[in-house]
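Mind looking over this structure? Questions follow.
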Amino acid sequence: MFEAKFEDGGLFKKIVEAIKELVKNVNLEANGTGISLQAMDTSHVALVALQLNEKGFKKYRCEKSLTMGLSIENLQKILKCSGNDDQITLRTQDEEPTTLSFTFESKNRISEFQLNLMSLDQEQLGVPDTEYSSVVRMPSNEFTKICRELGNINEAIGIETSKEGIKFYVKGDIGEGQVSVKINDTEKPEERVECEVDEPVNLSFAVRYFNLFNKASALSSQVILSMSQDQPLVIEYIIEEMGSLKLYLAPKIND
Amino acid sequence: MQKKIASYFKSS
């Protein structure tokens with residue numbers, strides 16, 4: 001028996017919205033500690049990892065670990081039948097469920113849906129706990145804007161960190177550009193820029209993945225970029241009181 | 001050249 005109730009159903013919709021362009025079919029894992037999801041994008045360049053802790057739910061029960069294979073596209077079709085202010089409950093009775101039930105509750109109506117599940121034998125990747133040599137925390141809408149603007153100049157974006165801060169740069173056919181974001185300790189947490197740089201990094205990434213993933217900025221006003229030289233970068237959106245949504249992106253290596 | 005994510009993380 002599994003039951004998980006989102007107090008804020010809109011949050012669940014934003015999570016699905018953020019990953020729907022990156023992953024197609026995913027295994028949703030549920031156990032006593034909460035719900036998790038890990039899936040590579042179709043080109044196997046990025047890995048999406050979601051972790052939602054049971055304490056963050058209005059109601060949560062999971063007597064036995066469950067794996068529920070679902071199509072994100074079909075999940076979205078069901079979620080489009082819910083309102084952004086609805087409470088959303090996920091439920092299944094069986095130990096080997098073939099469907100996942102959804103209840104959408106608002107003041108004046110209650111809806112019930114069932115999503116057919118599928119069995120996916122997807123390889124799960126072991127993501128080692130890593131001490132990153134550069135960790136940058138900045139406003140998520142600022143990061144989104146920089147990626148979108150520089151992404152118009154070149155499909156690869158360079159990221160260079162130093163004690164002074166973080167620099168994004170592009171060198172394309174039409175020309176080049178760079179944006180240096182300065183550290184600030186403003187008292188407004190959502191506008192703060194913090195850099196912890198033990199070792200500076202200089203890495204290059206395909207910016208299209210950032211632009212696809214940055215829909216997640218609706219989840220959090222801040223984004224955390226964790227980097228080490230020649231390692232995948234992690235973009236993390238903290239989901240207040242619940243957990244986090246992460247994107248691991250492999251770097252581009254100069255030939 | 002674009003690396004694959006699986007080359008960094010072993011499948012568990």
Side-chain angles (χ1 to χ4, degrees), chain A residues 19 22-23 27 29 36-49 65 67 120-132 154-158 201 203-210 212-213 226-235 246-255, chain B:
Chain A
I19 66 175
L22 282 158
V23 291
N27 272 325
E29 312 279 346
S36 63
L37 171 165
Q38 187 209 80
M40 283 191 275
D41 79 294
T42 39
S43 59
H44 289 197
V45 166
L47 181 73
V48 172
S65 296
T67 298
L120 301 167
D121 55 346
Q122 271 179 354
E123 68 170 317
Q124 290 288 305
L125 295 183
V127 179
D129 278 339
T130 310
E131 274 294 302
Y132 290 96
N154 194 34
E155 52 91 27
I157 189 168
V201 299
L203 295 163
S204 174
F205 298 97
V207 72
R208 64 182 287 275
Y209 292 94
F210 292 166
L212 290 175
F213 191 66
S226 301
M227 293 160 276
S228 287
Q229 197 55 35
D230 301 330
Q231 285 299 311
L233 149 142
V234 192
I235 304 182
K246 291 180 181 173
L247 176 83
Y248 295 85
L249 181 61
K252 290 172 79 78
I253 306 284
N254 299 328
D255 298 331
Chain B
M1 183 261 288
Q2 177 62 63
K3 297 277 282 183
K4 297 286 185 189
I5 196 74
S7 64
Y8 294 92
F9 301 148
K10 287 173 220 20
S11 55
S12 52

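Atom set for the values below is all heavy atoms of this structure, side chains included, hydrogens, waters and symmetry mates excluded. In what follows, chains carry the letters A, B, and so on, assigned in the order in which the sequence lines appear, proteins first and then strands, with residues in each chain numbered from 1.
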- Using a cut-off of under 4.5 Å for heavy-atom pairs, which of B:Lys4, B:Lys3, B:Gln2 has the most such pairs with chain A?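 Answer, by heavy-atom pair count under 4.5 Å with chain A: B:Gln2.
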- So, B:Phe9 versus A:Tyr248, ring centres under 6.0 angstrom or not?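 For B:Phe9 and A:Tyr248, the ring centres are under 6.0 Å apart.
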- Contacting region of A:Asp41 [heavy-atom separation from chain B under 4.5 Å]: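 No part of it gets close to chain B.
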- Tell me, side chain or backbone of B:Lys10 under 4.5 Å from chain A's heavy atoms, or both, or neither?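 The backbone, not the side chain.
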- Item | Matching residue for A:Leu47 among A:Val127, A:Leu247, A:Val23, A:Leu249 - test: side-chain contact (heavy atoms from CB on, under 4.5 Å) |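 Testing A:Leu47 for a side-chain contact (heavy atoms from CB on, under 4.5 Å) against A:Val127, A:Leu247, A:Val23, A:Leu249 leaves exactly one candidate, A:Val127.
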- Query: Judged by atom type as modelled, is there a donor-acceptor pair below 3.5 Å linking the side chain of A:Gln38 to the main-chain atoms of A:Leu125?
  - Reply: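 Yes: the side chain of A:Gln38 pairs with the backbone of A:Leu125.
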- Query: Does any heavy atom of chain B fall under 4.5 Å from the side chain of A:Ala46, the backbone, both, or neither of them?
  - Reply: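 Looking at A:Ala46, just its backbone touches chain B.
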- Item | A:Leu37 to A:Ile19 - nearest heavy-atom pair and separation |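 Looking at all heavy atoms of both residues, the shortest contact is CD1-CD1, 4.0 Å.
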- Item | Which of A:Ala206, A:Ala156, A:Gly126, A:Ser43 touches chain B most, by non-hydrogen pairs under 4.5 Å |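 Most heavy-atom pairs under 4.5 Å with chain B: A:Gly126.
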- Query: Heavy-atom distance under 4.5 Å to chain B: side chain of A:Gln124, backbone, both or neither?
  - Reply: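 When you check distances to chain B, atoms from both the backbone and side chain of A:Gln124 fall under 4.5 Å.
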- Could you tell me whether the side chain of B:Ile5 reaches within less than 4.5 Å of the side chain of A:Met40, counting heavy atoms only?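 Yes - at least one pair of side-chain heavy atoms lies under 4.5 Å apart.
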